[in-house]
Every structure is written in C-alpha cells, then in structure tokens.
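Accompanying notes for the structure given below.
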Amino acid sequence: MARTPISVRLAKSGRFPSLDLPTKLPVFGLEGNCKSQDTNLFFSEDSSDILTAKAICVDCPILAECARWGVQFAEYGVFGGLSEKERFLIRGGKPIISLLDIEHIIQESIFILNSSAAEVALRFGVDKRTVVRWRGALRSSLEVA
Ligand code: SF4
C-alpha cells in the first residue's frame with residue numbers, strides 16, 4: 001500500500017528539520033547564559049520564574065540558535081527566551097519532532113534523494129513520477145533550511 005514518507009510530509013508542510021542544528025542540548029548549558037543558573041527556573045510553571053529565565057536569555061550569545069533549537073525540539077521549559085506556549089504558537093500548534101525521529105527522517109530523505117527512482121518507488125509503493133515530486137519537495141526544504 002502506498003504511503004507518503006514522514007520526511008516528505010514534513011517537507012511539504014514546511015517542517016523539515018534544520019539539519020544544521022545541534023541535536024544535543026548540552027551545548028546550550030555549556031555556552032549559554034544559563035550555564036551557571038538554577039535550571040529549575042527554566043522548567044518552572046511559575047510565571048515569575050519564567051520571566052526570570054527569559055531575562056537571563058535576553059543577552060545570551062546563542063539566543064537565536066537556542067530559540068531555533070527550542071522551537072524544533074523542546075516541548076517544555078524556556079529556550080532562547082521563548083516559553084513553551086510561545087514556541088507552540090510559532091510551530092503553528094504542531095507537536096515537536098522527537099529527537100529520536102530525526103535520525104530516521106535524515107536517513108529516509110537521503111534514501112529518497114540518492115537511490116534510484118525505481119528503488120524508492122518500490123519501497124513506498126508509488127510510481128516514479130511521485131518520487132520525482134517528493135525529491136522536489138525535499139530539495140526545496142533543504143535549500144530553505
Ligand atoms: S538562550 Fe536562554 S536557554 Fe538558551 S542557552 Fe541562552 S540562556 Fe540558556
């Protein structure tokens with residue numbers, strides 16, 4: 001039965017993961033303003049703690065990178081000066097992409113882009129014309145990322 005690969009679905013909806021982003025959190029803990037702060041502040045549900053965490057983020061040297069990472073990967077806490085609710089809205093109300101899914105998505109997109117159209121068509125139960133369309137969507141996403 002034909003199925004659309006998750007990498008293609010994400011590409012078509014403009015949610016293909018940015019592959020240049022680090023997928024591990026510790027880089028932020030080592031380089032960001034929060035490295036010597038109480039991490040409970042960043043994962044508190046108390047509004048004054050959230051404001052305090054956001055104030056720590058304001059002049060962080062990796063604010064933009066952290067925000068992009070957080071929107072994509074972090075469901076809870078303050079990242080890049082953005083709360084959970086703010087990141088949820090930026091994602092258009094869509095759930096985060098699990099870090100565990102990222103490797104699968106990457107491998108799948110590499111297979112679709114680099115294998116023969118016949119192999120891809122066989123694996124997903126579609127015709128070669130569909131594979132060409134999928135490749136276009138993936139390439140567009142990779143150029144934007
Ligand atoms: S932007 Fe905020 S959460 Fe991210 S590394 Fe900097 S201080 Fe930490």
Side-chain angles (χ1 to χ4, degrees), residues 1-35 37 39-45 47 49-51 53-145:
M1 181 176 165
R3 63 190 171 91
T4 305
I6 184 170
S7 57
V8 174
R9 279 186 271 137
L10 289 170
K12 285 181 173 176
S13 65
R15 296 188 65 232
F16 193 83
S18 301
L19 303 184
D20 60 334
L21 286 176
T23 54
K24 295 195 183 336
L25 182 60
V27 67
F28 301 120
L30 292 173
E31 298 172 9
N33 284 359
C34 53
K35 67 183 172 196
Q37 301 288 336
T39 50
N40 290 326
L41 279 175
F42 289 79
F43 293 94
S44 171
E45 292 182 9
S47 56
D49 287 347
I50 293 171
L51 285 176
K54 289 171 130 193
I56 293 168
C57 294
V58 164
D59 62 352
C60 179
I62 55 172
L63 176 72
E65 181 187 19
C66 184
R68 286 176 60 216
W69 188 93
V71 167
Q72 187 162 291
F73 297 125
E75 188 161 12
Y76 303 109
V78 170
F79 286 88
L82 298 170
S83 67
E84 295 167 20
K85 284 183 190 160
E86 289 164 333
R87 294 195 310 276
F88 180 77
L89 290 174
I90 290 169
R91 284 195 301 274
K94 298 199 170 123
I96 59 166
I97 299 167
S98 157
L99 286 174
L100 295 174
D101 288 337
I102 296 294
E103 186 58 30
H104 167 72
I105 291 165
I106 292 169
Q107 292 305 323
E108 184 185 74
S109 60
I110 289 171
F111 173 76
I112 293 168
L113 288 169
N114 297 337
S115 303
S116 73
E119 280 180 285
V120 178
L122 185 62
R123 172 160 326 167
F124 293 100
V126 295
D127 59 28
K128 292 183 199 172
R129 199 180 293 260
T130 299
V131 174
V132 171
R133 282 199 300 273
W134 288 352
R135 286 176 173 165
L138 285 171
R139 286 198 185 100
S140 296
S141 286
L142 290 168
E143 282 165 15
V144 169

Partners passing side chain to side chain contact (heavy atoms under 4.5 Å, CB included) against Thr39 (at least two apart in sequence or in another chain): none
Minimal non-hydrogen separation, Ala74 against Arg91, with atom names: O-NH1, 3.8 Å
Interatomic spacing from CH2 in Trp134 to CZ in Arg9 - rounded to 0.5 Å: 10.0 Å
pair Ile106-Ser7: side-chain heavy atoms closer than 4.5 Å: no
Minimal non-hydrogen separation, Lys54 against Val78, with atom names: CG-CG1, 4.1 Å
Non-neighbouring partners of Thr4 that pass side-chain hydrogen bond (donor to acceptor under 3.5 Å, both in side chains), sequence neighbours left out: none
Minimum heavy-atom distance between Gln37 and Ile56, given as atom pair plus value: OE1-CD1, 3.5 Å
Parallel, tilted or perpendicular: rings of Trp69 and Phe79 (30°, 60°): tilted
Donor-acceptor under 3.5 Å (Glu75 side chain, Ile96 main chain): no
Residues forming a side-chain hydrogen bond (donor to acceptor under 3.5 Å, both in side chains) with Ser83, sequence neighbours excluded: Glu86
Test item: Phe124 and Val131 side chains (from C-beta on) under 4.5 Å apart, heavy atoms: no
Where Pro61 and Asn33 come nearest, the two heavy atoms and their spacing: CD-OD1, 3.4 Å
Where Ala11 and Leu138 come nearest, the two heavy atoms and their spacing: CB-CD2, 4.0 Å
Distance in Å, His104 NE2 paired with Ser109 OG, rounded so as to fall on 0.5 Å steps: 9.5 Å
Non-neighbouring partners of Asp49 that pass side chain to side chain contact (heavy atoms under 4.5 Å, CB included), sequence neighbours left out: Leu41, Ser44, Asp46
For Gln107, all residues meeting side-chain hydrogen bond (donor to acceptor under 3.5 Å, both in side chains), sequence neighbours excluded: Glu103
Atom of Gly80, atom of Cys66 and distance for their closest heavy-atom approach: N-SG, 3.2 Å
Listing, residues 110-123 side-chain donor-acceptor contacts under 3.5 Å, not counting sequence neighbours, or none:
{"residue": "Ser115", "atom": "OG", "partner": "Phe111", "partner atom": "O", "Å": "2.8"}
{"residue": "Ser116", "atom": "OG", "partner": "Glu119", "partner atom": "N", "Å": "3.1"}
{"residue": "Ser116", "atom": "OG", "partner": "Glu119", "partner atom": "OE1", "Å": "3.4"}
{"residue": "Glu119", "atom": "OE1", "partner": "Ser116", "partner atom": "N", "Å": "3.3"}

